[in-house]
Protein chains: 2
Amino acid sequence: MTTDMPPLPEFDLYGFTPYRLAVAAKRTSEELARQYRDRFGISIPEWRVLVHLAHSGEVSVRDIEARVAMEKYEVSRAAKRLREEGLIERRENPADRRLVIMSLTPKGHAMMADLLPMAKAHQQDLENRLGLAFRKLEVGLEALLKDQI
Amino acid sequence: MTTDMPPLPEFDLYGFTPYRLAVAAKRTSEELARQYRDRFGISIPEWRVLVHLAHSGEVSVRDIEARVAMEKYEVSRAAKRLREEGLIERRENPADRRLVIMSLTPKGHAMMADLLPMAKAHQQDLENRLGLAFRKLEVGLEALLKDQI
DNA sequence: TATTGTTATACTCTATAACTATA
DNA sequence: TATAGTTATAGAGTATAACAATA
């Protein structure tokens, strides 16, 4: 029903940055999540933990929580599943027995040896497809993430 | 446990574009979702439907589904809640009685008259905070969204 | 037979906070 | 008393598909 109220201001949802970011992130993540799940049987939280372990060697839950945009409970649950799959192992930190030390098992190491080159190829493919726009996207995201917006 | 396997390739999660997009979108959406909820009592799906109605006047579920990155059931559920709040109304399309015609009520119109300027101000604030990086982000997102990556 | 829209259902993700163990 | 980590639980969000009404 058309009202006789004053017209609303113009607003372009497609030009609204939070909307664009949400759509872009959803598409990108879904594509990747499908690959991780189908090929390796892991979720995105599990992938983040594995990457951090591949990079940092031996870390605690707290280390990951602080660096990988995950809550403590998420890290803990992801780690539990990864242990059940035999991809990571855990032992006590003798210096502070509240802390755990997590690391890749040989099986986890082998999987990451397959997985990481694929992720690098995916990133490279993205860069190729976006061409010059890729560097601009990076600069924009850098500013957004740095300013805690 | 350090293994004697060949070292894994370097991989920087913080430089991985899907990760950065996910973190950026999450932060941006959460901030906004809180504002919509606290000030207007609506969710993001409801907000998307309202914006589309404010812009397009009278539309069907199908119209919104096609244009606002939402599934049919999401639109339908959001519309139901908005009707219950008295923000939108609905009637049958006489030309095709399977279609509904949704439009803002005066109450919904009044709310959007408050809400849209706030969204515009938020967008403007984002642009100001990002400065030169804003246009680069836009170019990057444009390329990403256009190429269906 | 196909399309629009709604809804039941199940599933997953996310968040809170209670809990154990240790410092 | 504070911190690390785990887990129970609840809530929100998401997806599938079955359904009624209409074309």
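As a basis for the values below, the full set of heavy atoms in this structure was taken, side chains included, without hydrogen atoms, waters or symmetry mates. This structure is a prediction, so every number in the text was calculated from the model and none was measured. Within every chain, numbering begins at 1; the chains are lettered A, B, ... in the order of the sequence lines, protein sequences first and strands thereafter.
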Output yes when a side-chain donor or acceptor of [X] lies under 3.5 Å from a complementary backbone atom of [Y], and no otherwise.
X: A:Ser56; Y: A:Val59; result: no
X: A:Thr105; Y: A:Gly86; result: yes
X: A:Asp114; Y: A:Met111; result: no

Inset, instruction - Would you kindly compare A:Glu30 and A:Arg90 by the position of their nearest DNA chain D nucleotide and give the one closer to the 5′ end? - result: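 Looking at DNA chain D, the more 5' nearest nucleotide goes with A:Arg90.
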Rounded off to whole Å, could you give me the [atom1]-to-[atom2] distance for the [X] and [N] pair?
X: A:Ile64; N: D:dG5; atom1: CD1; atom2: C1'; answer: 12 Å
X: A:Lys26; N: D:dT14; atom1: NZ; atom2: P; answer: 7 Å
X: A:Tyr73; N: D:dA4; atom1: OH; atom2: P; answer: 18 Å
X: A:Glu65; N: D:dT6; atom1: CD; atom2: P; answer: 12 Å
X: A:Arg81; N: C:dC13; atom1: CZ; atom2: C1'; answer: 10 Å
X: B:Leu99; N: C:dT3; atom1: CG; atom2: C1'; answer: 9 Å
X: B:Ile101; N: C:dG5; atom1: CD1; atom2: P; answer: 10 Å
X: B:Glu71; N: C:dT7; atom1: CD; atom2: C1'; answer: 16 Å

Inset, instruction - Tell me whether the OP1 or OP2 atom of C:dA21 has a side-chain N or O from A:Arg98 closer than 4.0 Å. - result: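 Looking at the OP1 and OP2 atoms of C:dA21, neither is under 4.0 Å from any side-chain N or O of A:Arg98.
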Inset, instruction - Look at B:Lys72 and C:dT4 and indicate whether a side-chain polar atom (N or O) is within less than 4.0 Å of OP1 or OP2. - result: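 So the side chain of B:Lys72 is outside the cut-off, no N or O lying under 4.0 Å from OP1 or OP2 of C:dT4.
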Inset, instruction - May I ask you to check whether B:Tyr19 and A:Trp47 place their ring centres under 6.0 Å from each other? - result: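 Judged by ring-centre distance (under 6.0 Å), A:Trp47 and B:Tyr19 do not meet the cut-off.
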Inset, instruction - Between A:Ser43 and A:Glu92, just flag the one whose closest nucleotide in DNA chain C comes earlier from the 5' side. - result: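 That would be A:Ser43.
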Inset, instruction - Hey, which sits more toward the 5' end of DNA chain C by its nearest nucleotide, B:Arg83 or A:Glu74? - result: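 Its nearest nucleotide being more 5', the pick is B:Arg83.
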Inset, instruction - Give a yes or no on whether a donor-acceptor pair under 3.5 Å exists between the nucleobase atoms of D:dT22, that is its base, and the side chain of B:Arg97. - result: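 Per atom types, no contact qualifies.
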Inset, instruction - Please confirm whether any donor atom in the side chain of A:Arg77 sits under 3.5 Å from an acceptor in the base of D:dA8, or the reverse. - result: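 Between D:dA8 and A:Arg77, which were checked side chain against base, a qualifying N/O pair under 3.5 Å is present.
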Inset, instruction - For the pair B:Glu65 and B:Lys72, find out whether any cationic side-chain nitrogen is under 4.0 Å from an anionic carboxylate oxygen. - result: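 Salt bridge between B:Glu65 and B:Lys72, a charged N being under 4.0 Å from a carboxylate O: no.
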Legend entry - Touch class at under 4.0 angstrom, heavy-atom based, for A:Ser60 against every strand present: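 Result for A:Ser60 = sugar-phosphate.
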